[in-house]
Amino acid sequence: MADSSASFAPSTTNHPQPELVEKRDPEELFIHSVEYKLPEGGREAWLTMAGAWMVQFCTYINAFGVYQDYYTREFLINRTAADIGWIGSFQLAIQYALGVFVGRAFDAGYFHYMMAIGSTLYVLCIFLLSLTQQGQFYQVFLAQAVGMGVFPALMFLPSFTIVSHHFNRRRALAMGIVTSGAACGGVIFPIMLNQLGKHTEFKTGIRVSGAIIGAMLLFANMTMKTRPAPKQPKTDESVDQLMTYSKSIVTDLGYLASLAAAFFTSLGLFYPFFYLQLYAVTNGVDEQLAFYLLTLLNGGSIFGRLVNNSLAPRIGSFNLVFASLYACALLIFVMLEIKTFAGLAVFAVLYGFTSGAYASLMPANFVGFSNHPGEYAVRLAIAFSVVAPAILTGNPISGALLGPTGHLTWERPIIYNGVRGFWLLIIFDFAH
């Protein structure tokens with residue numbers, strides 16, 4: 001059999017192919033990996049990262065706390081908080097659940113097709129949401145949960161993966177910058193929705209956000225470029241390599257333990273993002289002030305993503321994730337005793353910082369287990385698909401524990417999420 005490294009020979013096309021060098025990664029972000037000499041910068045790489053940042057900015061899910069509050073107290077008062085929680089949970093979970101299919105399409109070269117289709121139909125669904133009628137749960141669910149969940153899924157995973165086509169040594173920092181886009185969107189959209197809803201109509205805020213998202217996704221489609229991994233010849237040797245890649249994934253105990261930890265984390269990580277504004281209003285905080293808690297939460301997340309990703313090469317990615325999860329669990333318990341805006345504002349910034357560290361570092365961790373660029377999308381897709389059921393059920397469970405509208409009991413969901421946070425650390429410690 002011919003030497004398998006021949007299939008990775010540099011190409012003579014306009015896009016230089018990565019050169020392979022075996023090494024043990026000094027930052028412990030990889031197990032036994034291969035370093036791929038990628039540009040680590042340049043005009044095309046930075047424009048791609050800017051486009052990916054805009055895609056993350058437009059995912060819109062970090063503003064769902066505004067919808068949870070608005071639907072529970074005004075637009076869908078005939079439904080419980082648990083029912084409304086299914087809208088946001090499904091919208092977020094489907095973006096992860098479709099990861100395997102989107103990842104395969106990405107590897108097959110359909111990146112730009114997915115971006116164009118996803119962008120167009122996503123913006124259409126935002127405008128359809130503004131046309132839904134009060135009290136009609138099915139209309140909201142179809143437009144927001146299904147439409148605004150399925151079509152962003154075509155962009156969500158690819159916007160992560162494409163960064164790995166341009167960065168290797170700086171991958172953790174690059175992914176941290178990209179994921180900060182979601183947090184920045186979570187800062188802007190809640191303010192815009194609340195203020196326009198107060199001065200005009202809530203549906204006007206939805207339409208304005210749709211117009212902004214449409215413009216940003218147009219720019220993203222024009223700037224993001226792929227750098228495909230070396231193509232493999234259709235020989236028995238390439239089949240053997242594919243089997244090797246599959247085996248390396250399913251037998252990687254560190255990767256599998258990280259998947260388990262990510263699953264249990266996702267059962268409650270987003271609890272404050274969904275319920276903090278409602279918690280504040282129902283505990284006597286002035287509505288005009290409570291509206292800014294989601295902004296503070298996502299603002300803290302921006303710094304958490306950037307600071308922790310810049311520290312990862314020196315401190316260790318897994319060490320930072322473990323510390324952030326411990327802090328998140330502790331803060332959830334503290335939330336139970338906070339009833340003032342000042343206290344909740346401090347909580348929002350701290351929880352945003354710690355949860356942002358986890359959200360930005362884990363994708364890089366999953367990619368870091370890869371032995372070859374062909375595994376990037378696959379490992380991320382598997383991880384996203386595993387956490388999808390937890391995201392889908394986690395927030396409705398919290399809503400069910402909360403009780404019916406008008407008789408909300410906050411102690412039960414807070415204790416549930418706090419306890420869950422502490423015992424999952426045992427699993428994550430095994431992964432480390």
- Query: For the atom pair CG (Leu296) and OH (Tyr351), what is the distance rounded to the nearest 0.5 Å?
  - Reply: 15.5 Å

- Message: For Phe347, I'd like to know if atom CZ has over 12 heavy atoms of other residues, nucleotides or ligands within 6.0 Å.
- Response: yes

- Query: Thr223 versus Met54: any side-chain heavy-atom pair under 4.5 Å?
  - Reply: no

- Task: Check Phe75, Phe141, Phe202 against Tyr67 for a ring-ring contact (aromatic ring centres under 6.0 Å, His included) and give me the one that passes.
- Result: Phe202

- Is the Phe156-Phe384 ring centre distance short of 6.0 angstrom? yes

- Given side chain to side chain donor-acceptor pair (under 3.5 Å), test Ser398 with Asn417 step by step and report yes or no. CA-CA 8 Å; Ser398 297; Asn417 283 291; 3.1 Å; yes

- Message: Checking side-chain polar atoms at under 3.5 Å, does Asn298 have a donor or acceptor matched by the opposite partner on Ser301?
- Response: no

- Task: Taking atom CZ of Phe137 as the centre, report whether more than 12 heavy atoms of other residues, nucleotides or ligands fall under 6.0 Å from it.
- Result: yes

- Do Asn308 and Tyr358 come close enough that some side-chain heavy atom pair is under 4.5 Å? no

- Between Phe64 and Phe189, is the ring centre distance below 6.0 Å? no

- Query: Should we count CZ of Phe303 as having more than 12 external heavy atoms under 6.0 Å?
  - Reply: no

- Query: Okay, side chain of Asn221, backbone of Leu217: is any donor-acceptor separation there less than 3.5 Å?
  - Reply: yes

- Which heavy-atom pair separates Met155 from Ser119 by the least distance, and what is that distance? SD-OG, 3.3 Å

